[in-house]
There are 2 protein chains.
Amino acid sequence: MGSDRRGGEESASTRTAILDATAQIMREEGYAAVSSRRVADRAGLKSQLVHYHFGTMDELFLALYQRYEEQYFQRHAKALASRNPLRALWELSADTAGAELSLEFIALANHRKAIRKEIARSTERYRSLQVAVISRVAEDLGISEDDMPADVLCFLMVATSRALITEAAVGVSAGHAQMRAYVERRLQALEARSAPET
Amino acid sequence: MGSDRRGGEESASTRTAILDATAQIMREEGYAAVSSRRVADRAGLKSQLVHYHFGTMDELFLALYQRYEEQYFQRHAKALASRNPLRALWELSADTAGAELSLEFIALANHRKAIRKEIARSTERYRSLQVAVISRVAEDLGISEDDMPADVLCFLMVATSRALITEAAVGVSAGHAQMRAYVERRLQALEARSAPET
DNA sequence: GTCTATAGGCCGATAGAC
DNA sequence: GTCTATCGGCCTATAGAC
């Protein structure tokens, strides 16, 4: 890819190494631990290269977010297109490994204006895709829009998975097993209703 | 109060000023923006006083958390003891102003070992108090333990309010009004069942 | 595209005078 | 209990050689 903001040549692999190192540090120690020096150290480079390739740290974070989001968008689209989008969505958002980075971005967005806009925009985009699909399958599954609107169900699922991951990260586990079991029971009940003869 | 870890005399008011300044910065700019110099500036003191009174920054955070928790414990106990604990718990945890600091502490706990233990401990303590009360009122309200266990309902409420606040902080509002309306509807339905003749 | 050098700043924490 | 002075460290970012 020759789409680098500056130069072309052999920069793609360096850029990738820098982004990889940034993601790694964010996951392991949080966004606050990301500095041009630490990133460069982990990538085996000089810290100035980080600035050469990405400019400010905010731009680095944004570039990482965009790369992350491209990958996530594929997984998300696949989940929504699957035979059982409700379960796929749950499993996608309840996947601890993938969600840690996402949570760091949210924390980052909380205090970096430049990041906030981007995160808010894409979060709302995902939400509306999710609600559209849930809305469609809810009809088939006999979930009444009056009792449980699609956007409410969507929000509940996202909120629940996020809370499970956040709490697990700080070492809280009370009620987690019960919560996961409950979701599982509900998903199975819907599946039984959806395909009783398979 | 002469319960300061170091010295007594006139230190209580200085300690309070330092804790107030710390809380203010955390709320406005996040825990990462807290430094002994910034805290001291805002309190009109020298940064060295922060270390004199609290030692390390981790100890400062812990002291603030303990003070915060003492206040919160009172409000929480009052909510659980009220005539309608479910609604009171919802209103307490959905109160944006109060919860911002709490979210900062969770973010902080995510990457500071010393804080993590304390947060985890008190989070689980609150959770178990909540579940006990919900368990009790659920019976009266006709919520079946099989359909919706108390710890699941508790988790759902906490997760939902936390997600609403987190998302609002980064500027996401999609589905929020519907979510709040849904909770309101459910609470009212339960209240109607609980006190039909009042 | 990568290097060295460096400016300029904020940080935690301690020592010692008063 | 509060002050001044200060050490040593890590940070972002830029300038200029190669």
Side-chain angles (χ1 to χ4, degrees), chain A residues 1-22 24-26 28-65 104 108 111-115, chain B residues 1-22 24-26 28-65 104 108 111-115:
Chain A
M1 330 199 173
S3 69
D4 297 335
R5 245 181 40 266
R6 335 176 167 217
E9 205 88 6
E10 200 42 51
S11 81
S13 76
T14 301
R15 279 178 64 93
T16 301
I18 290 171
L19 291 176
D20 289 346
T22 307
Q24 213 177 322
I25 294 171
M26 274 182 85
E28 290 170 12
E29 309 177 62
Y31 75 89
V34 172
S35 71
S36 52
R37 280 174 161 82
R38 304 250 269 137
V39 167
D41 273 2
R42 188 163 304 217
L45 304 166
K46 298 292 172 180
S47 72
Q48 295 87 335
L49 273 186
V50 174
H51 292 108
Y52 172 77
H53 285 287
F54 293 96
T56 69
M57 295 306 287
D58 271 1
E59 288 172 302
L60 170 62
F61 280 124
L62 267 178
L64 177 63
Y65 184 70
E104 279 306 316
L108 179 61
H111 300 295
R112 296 252 197 164
K113 225 174 45 186
I115 316 287
Chain B
M1 331 198 172
S3 67
D4 298 333
R5 246 183 36 267
R6 330 172 174 219
E9 204 88 6
E10 200 43 53
S11 81
S13 75
T14 301
R15 279 178 64 93
T16 301
I18 291 170
L19 291 176
D20 289 346
T22 306
Q24 212 177 324
I25 294 171
M26 274 182 86
E28 290 171 11
E29 308 177 60
Y31 75 90
V34 172
S35 72
S36 52
R37 282 172 163 83
R38 305 249 269 137
V39 167
D41 273 3
R42 191 164 303 217
L45 304 166
K46 299 293 173 180
S47 73
Q48 294 88 334
L49 272 186
V50 174
H51 291 108
Y52 172 77
H53 284 286
F54 294 95
T56 69
M57 295 306 286
D58 271 1
E59 290 172 302
L60 170 61
F61 280 124
L62 268 178
L64 178 62
Y65 185 70
E104 280 306 317
L108 178 62
H111 301 293
R112 297 252 197 165
K113 226 176 43 187
I115 315 289

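The analysis underlying the following values was restricted to heavy atoms, covering all of them including side chains, and did not include hydrogens, waters or symmetry mates. Residue numbers begin at 1 in each chain, while the letters A, B, ... track the order of the sequences.
- Taking both residues in full, the closest heavy atoms of B:Val39 and B:Ala21 are given as O-CB, 3.6 Å, listed atom of the first, atom of the second, then distance.
- Phosphate contact (OP1/OP2 of C:dC11, side-chain N/O of B:Ser36, threshold under 4.0 Å): absent.
- Going from atom OG1 of A:Thr14 over to atom CG of A:Leu45 covers 6.0 Å, rounded to the nearest 0.5 Å.
- Residues A:Phe61 and A:Arg112 approach most closely at CE1-NH2, 3.9 Å, considering heavy atoms.
- Following rounding to the nearest Å, B:Ile18 (CD1) and C:dG12 (P) show an atom-to-atom distance of 13 Å.
- Taking only side-chain atoms of A:Lys46, from C-beta outward, the nucleotide of C:dA13, D:dC3, C:dC3 with the closest atom is C:dC3.
- Distance OH (B:Tyr31) to C1' (C:dC11): 16 Å, rounded to an integer number of Å.
- When the side-chain nitrogen and oxygen atoms of B:Ser35 are compared with OP1 and OP2 of C:dC10, none of them lie within a distance under 4.0 Å.
- For A:Thr14, a side-chain nitrogen or oxygen approaches OP1 or OP2 of C:dT2 to under 4.0 Å.
- In this structure, B:His51 atom NE2 and C:dG12 atom P are separated by 6 Å, rounded to whole Å.
- B:His53 places its NE2 atom 16 Å from the P atom of C:dA13, with the value rounded to the nearest Å.
- Rounding to whole angstrom units, CZ of residue A:Phe54 and C1' of C:dT2 are separated by 15 Å.
- The CZ atom of B:Phe61 sits 12 Å away from the P atom of C:dC11 (whole-angstrom rounding).
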Requested in this report: Please report the C-alpha distance between A:Leu64 and A:Phe54 in whole Å, then the side-chain angles of each, then the deciding distance to 0.1 Å, and finally whether the side-chain contact (heavy atoms from CB on, under 4.5 Å) criterion is met.
Outcome: CA-CA 10 Å; A:Leu64 177 63; A:Phe54 293 96; over 6 Å; no

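- Where A:Arg38 and B:Gly44 meet DNA chain D, the nucleotide closest to each residue was compared, and B:Gly44 sits on the side nearer the 5' end.
- Counting to the nearest Å, the C1' atom of C:dC10 and the CD atom of B:Gln48 are 14 Å from each other.
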